[in-house]
Amino acid sequence: MRERKRIAIIGGGPAGLVAADALAPHHEVHVYEQGRSVGRKFLVAGQGGFNLTNSADGPALAAMYSPAGFLDEALGAFGSNAFREWLSELGIETYVGTSGRVFPTKGTKPVEVLNAMRARLLERGVHFHLEHTFVGFDEHTNAIIEHDGQRSSLTADFTIFSLGGASWSVTGSTGKWSEHFAQLGIEVTPFLSSNCGVEVEWPGSFARDHAGKPLKNIAVSAGERSVIGEATITQHGLEGNAIYPVVPALRDAIANGTGALLYLDLKPNNTTDQLLQKIAGKEPKNYAAALNLDRATMALLKAFTTKERFHSPFAFVQDVKGLQLTVNALRPIEEAISTVGGIPTTELAPDFSLKRYPRLFTVGEMVDWDAPTGGFLLQGCYSMGWYAAHAILER
Ligand SMILES: Cc1cc2nc3c(=O)[nH]c(=O)nc-3n(C[C@H](O)[C@H](O)[C@H](O)COP(=O)(O)OP(=O)(O)OC[C@H]3O[C@@H](n4cnc5c(N)ncnc54)[C@H](O)[C@@H]3O)c2cc1C
């Protein structure tokens with residue numbers, strides 16, 4: 001029989017909760033969370049399109065993550081199908097929506113998904129310690145926890161840290177834990193926005209007139225990356241599922257000072273020739289109707305093209321197929337859907353324990369990996385939590 005060990009899991013987000021579930025049948029598991037409740041960012045994720053995971057699995061799932069290869073084993077061991085089965089065991093059924101995104105069955109609220117997870121952990125005997133904050137390490141590399149103004153060291157056989165990234169600090173993901181790992185000699189990579197909006201300087205009254213409007217079914221390209229999806233015009237620029245995947249390329253270009261250029265194809269399903277045929281012999285004032293372009297799209301074209309180009313059918317179609325926008329900056333970390341930065345993957349053994357401190361594991365968004373939206377972020381967190389837990393079960 002396995003010797004019963006004491007496991008501390010610090011950070012009550014999805015990565016930590018999945019780890020707790022896997023360990024609880026075999027060991028004494030304690031979850032420490034600084035907030036008054038667990039899973040606050042999970043609930044924020046639920047406010048928009050709640051992509052619990054993505055139906056991609058196997059190599060197609062693994063291909064969505066960088067650095068390449070880092071999460072392959074974990075995603076292979078507990079991928080999106082395994083996660084959906086796990087949810088089903090908890091009584092939460094899911095369905096596959098557009099682009100493979102996986103949602104809870106209609107009518108199931110995000111808080112019900114979280115409650116089902118919490119109920120399962122309680123049933124398995126997990127001890128929750130809310131308003132308990134990790135504030136550093138003692139000389140034996142035990143985590144120090146502060147509660148009610150008192151500090152004490154945790155004695156645990158293994159500690160899994162699942163402290164999250166550094167966006168939406170209201171949910172508890174503040175990244176303040178970085179300094180404590182630096183104390184252990186772990187060089188924590190600075191956090192940067194990922195899956196975030198981009199800043200474009202809109203001319204005149206464009207933002208006032210069009211912020212909030214969607215640009216539907218467009219193709220967005222930056223660097224080597226090209227994506228079909230939707231972008232929303234914001235006060236500051238653009239955001240949305242067609243923008244987030246090109247953020248890494250823009251981030252590199254901004255950092256290198258090489259000019260962060262974004263190209264919009266506003267009619268990705270038509271070739272240049274087809275568009276030229278549609279507007280042949282027509283006045284520019286009839287182009288919108290001929291090409292079925294809405295007011296916001298036409299305003300965007302007018303804002304970023306000259307009068308001469310607008311009046312030349314070929315130049316106009318060129319702009320429809322590749323409108324160039326300069327991105328000045330990414331939106332701030334605080335409002336990003338996810339962050340990169342945190343514990344460098346090079347500090348971790350394949351089971352996500354710290355190479356220098358094999359009793360300590362780090363999982364979820366606090367580790368420096370990246371993935372697009374669409375359920376891949378949460379799936380990366382569940383897979384890491386599950387994999388680290390099973391590594392502990394093997395030890
Ligand atoms: C607006 C928004 C929408 C999103 N939508 C989706 C989506 O649809 N699909 C998707 O896949 N992903 C989505 N995400 C991303 C996803 O929510 C995160 O990637 C995921 O929650 C990260 O999980 P985690 O367990 O690593 O950390 P978190 O969920 O951030 O949890 C970390 C926990 O650690 C606690 N903590 C931090 N520091 C301490 C400390 N010192 N002591 C004790 N506890 C501490 C925090 O309070 C928090 O509860 C969205 C994110 C946002 C902001």
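The shown structure was predicted, so the numbers you read here are calculated from the model rather than taken from an experiment. The figures here come from the full heavy-atom set of this structure, side chains too, leaving out hydrogens, waters and symmetry mates.
A donor-acceptor pair is defined here as one N or O able to donate and one able to accept, closer than 3.5 Å; such a pair exists between the side chain of Arg251 and the backbone of Ser193. Remark: the backbone N or O of Gly79 is not paired with any side-chain donor or acceptor of Trp386 at under 3.5 angstrom. For Ser80 (side chain) and Asn54 (main-chain N/O), a donor-acceptor pair under 3.5 Å exists by modelled atom type. For the pair Gln34 (side chain) and Phe134 (backbone), a donor-acceptor distance under 3.5 Å is absent. For the pair Ser353 (side chain) and Ala349 (backbone), a donor-acceptor distance under 3.5 Å is absent. In this structure, Asn241 contributes its side chain and Glu230 its backbone to a donor-acceptor pair below 3.5 Å. A side-chain donor-acceptor contact under 3.5 Å links Ser162 to the backbone of Gly11. Judged by distance alone, with hydrogens and angles left aside, the side-chain atoms of Asn256 form a donor-acceptor pair with the main-chain N or O of Asp252 at under 3.5 Å.
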Pair Thr297-Ile218, side chain to side chain contact (heavy atoms under 4.5 Å, CB included): steps then yes or no
CA-CA 10 Å; Thr297 306; Ile218 60 169; over 6 Å; no
May I have the step-by-step check of side chain to side chain contact (heavy atoms under 4.5 Å, CB included) for Leu300 and Leu264, ending in yes or no? CA-CA 10 Å; Leu300 184 71; Leu264 308 187; 3.7 Å; yes
| task | Please lay out, stage by stage, how Lys5 and Ile392 fare under the test side chain to side chain contact (heavy atoms under 4.5 Å, CB included). | result | CA-CA 10 Å; Lys5 298 200 167 96; Ile392 290 174; 5.8 Å; no
Verify salt bridge (charged side-chain N to carboxylate O under 4.0 Å, His left out) between Asp157 and Arg395, making sure each step is shown before the conclusion. CA-CA 11 Å; Asp157 295 292; Arg395 288 210 196 164; over 6 Å; no
For Lys355 and Glu347: C-alpha separation, side-chain torsions, deciding distance, then whether side chain to side chain contact (heavy atoms under 4.5 Å, CB included) applies. CA-CA 6 Å; Lys355 283 178 187 161; Glu347 293 282 355; 5.7 Å; no
Can you list, pair by pair, the side-chain donor-acceptor contacts under 3.5 Å of residues 96-107, counting residues two or more places apart and other chains?
unit_1 : atom_1 : unit_2 : atom_2 : d
Ser99  : OG     : Arg101 : NH1    : 3.1
Arg101 : NE     : Asn51  : OD1    : 3.4
Thr105 : OG1    : Glu93  : O      : 2.7
Lys106 : NZ     : Tyr95  : OH     : 3.1

Can I get a per-line list of side-chain donor-acceptor pairs under 3.5 Å for residues 278-290, giving both atom names and the distance, sequence neighbours left out?
unit_1 : atom_1 : unit_2 : atom_2 : d
Lys282 : NZ     : Lys278 : O      : 3.4

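For the 3.5 Å distance criterion, the side chains of Asn81 and Arg84 fail to qualify, holding no donor opposite an acceptor. Judged by distance alone, the side chains of Asp273 and Thr271 never bring a donor and an acceptor atom under 3.5 Å apart. Between Thr272 and Gln318, the side chains place no donor N or O within less than 3.5 Å of an acceptor N or O (distance only, hydrogens not considered). For the residue pair Ser312 / Glu308, no side-chain donor-acceptor distance below 3.5 Å is found, with atom types taken as modelled.
Tested against Glu365 for a side-chain contact (heavy atoms from CB on, under 4.5 Å), the candidates Pro14, Ser338, Ser194 yield a single pass: Ser338. Evaluated for a ring pair (Phe, Tyr, Trp, His ring centres under 6.0 Å) with Phe161, the options Phe137, Trp177, Phe361, Tyr357 yield exactly one hit, Phe137.
Linking Ile, Leu, Val, Met, Phe, Trp and Tyr residues whenever their side-chain heavy atoms come within less than 4.5 Å leaves Phe376 and Ile243 in two separate clusters. Under the 4.5 Å side-chain heavy-atom criterion for ILVMFWY residues, no single connected hydrophobic cluster contains both Leu215 and Leu261. Criterion: ILVMFWY side-chain heavy atoms under 4.5 Å apart, direct or through other members. Under it, Tyr387 and Phe158 are part of a common hydrophobic cluster. Under a hydrophobic-cluster definition in which Ile, Leu, Val, Met, Phe, Trp and Tyr are linked whenever side-chain heavy atoms come within less than 4.5 Å, directly or via other members, Tyr244 and Leu250 are assigned to different clusters. At a threshold of 4.5 Å between side-chain heavy atoms, the hydrophobic network of Ile, Leu, Val, Met, Phe, Trp and Tyr places Val111 and Phe128 in one connected group.
In this structure, the side chains of Lys176 and Leu163 stay at 4.5 Å or more apart for every pair of heavy atoms. Counting only heavy atoms from C-beta outward, the side chains of Lys213 and Arg295 approach each other to under 4.5 Å. Side-chain atoms of Phe42 and Met117, non-hydrogen and from C-beta on, do get closer than 4.5 Å to each other. The shortest side-chain heavy-atom distance between Arg356 and Leu184 does not fall under the 4.5 Å cut-off. Contact annotation: the side chain of Glu201 approaches that of Asn328 to within less than 4.5 Å [non-hydrogen atoms, C-beta and beyond]. With contacts defined as side-chain heavy-atom distances shorter than 4.5 Å, the pair Ile145/Ile10 qualifies. Here the side chains of Phe78 and Trp86 are in contact, with some heavy-atom distance below 4.5 Å. At a threshold of 4.5 Å between non-hydrogen side-chain atoms, the residues Leu52 and Tyr382 count as touching.
Looking at residues two or more places apart in sequence or on another chain, you find no salt bridge (Lys or Arg N to Asp or Glu O under 4.0 Å) involving Glu179. Residues forming a ring pair (Phe, Tyr, Trp, His ring centres under 6.0 Å) with Tyr65 (at least two apart in sequence, or on another chain): Trp369. For the ring pair (Phe, Tyr, Trp, His ring centres under 6.0 Å) test, residues two or more places apart in sequence or in another chain that qualify with His210 are Phe206.
The salt bridge (Lys or Arg N to Asp or Glu O under 4.0 Å) analysis of residues 26-48, with sequence neighbours excluded, yields the pairs Arg6-Glu28, Glu33-Arg40, Arg36-Glu131.
Taking the six-membered ring wherever Trp is involved, the centroid distance between the rings of Phe304 and Phe310 does not fall below 6.0 Å. Proximity of the aromatic rings of Phe352 and Phe70 is defined here by a centroid distance below 6.0 angstrom, and this criterion is met.
Closest approach of Met384 to Val363, counting heavy atoms only: O-CG1, 3.6 Å. Annotation for Glu112 and Ile92: closest pair O-CD1, 4.0 Å, computed over non-hydrogen atoms. Across all their heavy atoms, Pro214 and Asp294 have their closest contact at O-OD2, 4.2 Å. Smallest separation of non-hydrogen atoms from Val38 and Leu130: CG1-CD2, 4.0 Å.
Classification of Arg151 and Glu146 as a salt-bridged pair holds, one side-chain N sitting under 4.0 Å from a carboxylate O.
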